[in-house]
Structures are given as C-alpha cells and as structure tokens.
Amino acid sequence: MTISNDGKTAGAELGEDVIISTSNLQKTYDAGEVKVNALKGIDFDVQRGEMVAVMGPSGCGKTTLLNCLSGIDEPTAGEVVIDGKSLYKMRDGARTEFRANSMGFIFQFFNLLPVLSVVENVELPLLVAGVKPREARKKALAMVDMAGLSGQGAKRPAELSGGQQQRVAIARALVNEPAIVWCDEPTGNLDSETQNEIMDLLCKLNKEKGQAFVLVTHSGEVGARADRVVKMRDGLIEKHVTNGVKSRGEAVRITD
C-alpha cells in the first residue's frame, strides 16, 4: 500500500476496500465579522480495519475533521463517503439512523449515565436501536467481559476508576458492532499506565473485530500504536507517517 501526498491511498484506485473517503472537505465558521477556515480542502481515505491517528497542534482542525467525518458537524463544502454512501446527501433522519448502526464514539470524557449500572450503560445503544431487552443484556454482558470488566456489570460509574469508566465507554461504543469507531482524545483524561492499558484494549479490538478506528490525539505514544498518523496544520493535512501496517505487508514511511 502507498499513500499519496493528498492522503488518498493508491489502493483506492486499485479497488482496495476504502470505508471512509473525503473529497475537498471544507469547514468555515462564521463568527460575525470574522470567518475561521477550520478545514481548507481535505482529501483523505481510511481502509476497512485500519487504525488512523490524527495529530497536530491545538486549533489545527483535528476535532473539526472528526466531527465532519462522523456527521456531528456538517461541512461547508466537499463530500464524505462512508461505506459507499454519501453522508451529507442523506436526509437527517436517515443519517442519524446510519450513524447509530454503523458508528461508535469514544470521547475524552466518558459521558456515562451515572444513574445506570455498567451493563445498563453498555446496553443502552442496543435498546435505542430496537434490540429486544434480553438479547441486548446478553450482548452487553459479553462486551463488558471483553472490555476487561468481568464482575463489574452491576456497579455505577462513580464506583469505578477513570480507566474502568473508559473501558465502559469503549464497550458501549462497540456493543452494536459498528464498522467505524471515532475516538476524540480517548486517553486524554488518563495517566500513562492506564493510557497504555486502554490502547492495548483498542488495538486488540481493532485486530479482532476488523473495525476502522480514527483517533484524534495529542499523545505521541497513542499515535505510535496506530497503523498510520495523519499530521494536520492550519486546516490541512501536512503529511502521513505509516508506523507499520498490521497484517498488511511491508510498512511504507511517508515523509514531506
């Protein structure tokens, strides 16, 4: 696999399985007399099962890119294609349903519901999607175990450590088996030892489930665990660095 300077994989032209693709993605925020060009024309592909870390200085457009890719924030111009479907050509209701069925979200702050137990937090996306309660509970318990929280299902979030709460958030994001998992600073609230444990878990799940992961991070240690690092500056992709492609042959290092 090779990667061009604009972020498009050569494999896309050769028919390899690209699950996320953008073309000329732009986002401008209008703050009265001042306009902020947060994204200035991004061309970017992610393959199915690839883990990509998006890095760069604060204000460079990392989170804006993630939000536009995932449907949280509509771009000003350009196109986002997810699994062959144009995200912003869908009606709002269809896009919401598509996101619920195809995407999982992990954030720096765990966003767990404090009144619900661990297993109830994890099963919530399944219940919202219409899965029968008994089946939802069975799947949630299996995901809680997979996240390394066996025996913790009845506890409330306040009874858990920060690392354990993030494991609950990961289990909740993955319980509906999404094709894509979006992560915004997933270890930003954690100490270095817990960060390594969480990245061990994410890499394990990425390998076992074959889901695409896109992680926004300031951490070089987190970036080093991804297949590829996308470095941003001033609303543009500055360069790509391939760390080593898991089970995809020889790694290709991309420089300026």
Side-chain angles (χ1 to χ4, degrees), residues 7-9 11-12 15-23 25 27 39 42-54 62-75 78-107 110-112 121-132 135-136 138-140 142-144 146-147 166 168-186 201-216 226-228 230 246:
K8 292 287 187 181
T9 59
E16 289 185 16
D17 197 2
V18 173
I19 192 168
I20 303 166
S21 183
T22 74
S23 177
L25 195 65
K27 180 64 181 180
L39 299 178
I42 299 290
D43 296 310
F44 176 56
D45 284 347
V46 177
Q47 291 186 2
R48 195 178 303 275
E50 187 180 17
M51 180 178 281
V52 177
V54 182
K62 302 185 299 296
T63 295
T64 300
L65 175 61
L66 191 76
N67 289 346
C68 288
L69 290 175
S70 63
I72 292 175
D73 194 3
E74 188 164 352
E79 187 173 27
V80 177
V81 177
I82 304 291
D83 208 8
K85 300 176 179 64
S86 181
L87 192 61
Y88 292 101
K89 289 181 181 178
M90 296 180 186
R91 295 181 181 273
D92 288 345
R95 183 162 66 241
T96 298
E97 183 178 358
F98 179 70
R99 291 172 65 230
N101 292 331
S102 303
M103 304 178 188
F105 295 83
I106 303 169
F107 300 100
F110 317 124
N111 296 328
L112 302 176
N121 268 282
V122 173
E123 74 183 358
L124 190 59
L126 297 173
L127 296 173
V128 170
V131 177
K132 293 181 179 180
E135 183 182 353
K138 182 179 178 181
K139 288 186 175 182
M143 196 66 228
V144 167
M146 186 174 289
Q166 189 62 301
V168 178
I170 291 167
R172 182 184 57 190
L174 300 183
V175 71
N176 63 344
E177 300 182 355
I180 302 166
V181 183
W182 311 103
C183 308
D184 193 355
E185 297 287 358
L201 175 60
L202 291 179
C203 289
K204 174 178 179 287
L205 294 171
N206 168 245
K207 182 178 180 180
E208 291 180 355
K209 300 292 187 180
Q211 295 154 315
F213 279 70
V214 180
L215 305 90
V216 165
D227 296 321
R228 175 163 51 113
V230 174
K246 298 191 289 279

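The first residue of the sequence shown is numbered 1, and numbering continues consecutively from there.
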Give the C-alpha distance, both sets of side-chain angles, the deciding distance and a yes or no for side-chain contact (heavy atoms from CB on, under 4.5 Å) between V52 and D227.
CA-CA 6 Å; V52 177; D227 296 321; 5.9 Å; no

Can you name the closest pair of heavy atoms from C68 and L25 and give their distance?
CB-CD2, 4.0 Å

As a quick check of understanding, evaluate side-chain contact (heavy atoms from CB on, under 4.5 Å) for S102 and I82, giving each step before the final call.
CA-CA 9 Å; S102 303; I82 304 291; 5.6 Å; no

Student check: side-chain heavy atoms of I19 and E50 closer than 4.5 Å:
no

Shortest non-hydrogen contact from M146 toward L205:
SD-CD2, 3.5 Å

Using only atom types and a distance under 3.5 Å, with no angle test, would you say the side chain of N176 pairs donor to acceptor with the backbone of A100?
yes

Given L202 and L215, is the side-chain contact (heavy atoms from CB on, under 4.5 Å) satisfied, shown in steps?
CA-CA 10 Å; L202 291 179; L215 305 90; 4.2 Å; yes

With a 6.0 Å cut-off (strictly less than), is the heavy-atom count around CD of E74, excluding the residue itself, greater than 12?
yes

Nearest non-hydrogen partners of V46 and A212, listed with the distance:
CG1-CB, 4.2 Å

Determine whether Q166 and I106 satisfy the following criterion, side-chain contact (heavy atoms from CB on, under 4.5 Å), listing intermediate values before the conclusion.
CA-CA 8 Å; Q166 189 62 301; I106 303 169; 3.8 Å; yes

Nearest heavy-atom contact between I20 and L69 is CG2-CD2, 4.1 Å

Take a 6.0 Å sphere around CD of E97 and say whether it holds more than 12 heavy atoms from other residues, nucleotides or ligands.
no

Nearest-0.5 Å distance, NZ of residue K204 to NZ of residue K209
8.5 Å

So, taking the atom named CE in M90 and the one named CZ in F98, what distance separates them when rounded to the nearest 0.5 Å?
4.5 Å

Tell me whether N206 contacts the main-chain N or O of G49 through its side chain, where contact means a donor paired with an acceptor under 3.5 Å.
yes

Counting N and O atoms only, with roles assigned by atom type, does the side chain of K139 sit under 3.5 Å from a partner on the main chain of E123, one being a donor and the other an acceptor?
no

How many angstroms lie between atom CG of L65 and atom CG of D73, to the nearest 0.5 angstrom?
11.0 Å

Check R48 with D83, please: is the shortest side-chain N to carboxylate O separation under 4.0 Å?
yes

What is the minimum heavy-atom distance between A171 and A147, and which atoms define it?
CB-CB, 4.0 Å

From V144, L174, L112, I170, residue fulfilling side chain to side chain contact (heavy atoms under 4.5 Å, CB included) relative to V122
V144

Supply the atom-to-atom distance F105 CZ to R172 CZ, rounded to the nearest 0.5 angstrom.
11.5 Å

Ignoring hydrogens and geometry, is there a side-chain-to-backbone donor-acceptor pair from T22 to F44 under 3.5 Å?
yes

Of all heavy-atom pairs between L126 and A136, which one has the smallest distance, and what is that distance?
CD1-O, 3.7 Å

With E79 as reference, evaluate S86, S21, S23 under the side chain to side chain donor-acceptor pair (under 3.5 Å) test and give the passing residue.
S86

Spacing of CH2 belonging to W182 relative to OG1 belonging to T63, to within rounding of 0.5 Å:
13.0 Å

K138, NZ: over 12 other non-hydrogen atoms inside 6.0 angstrom:
no

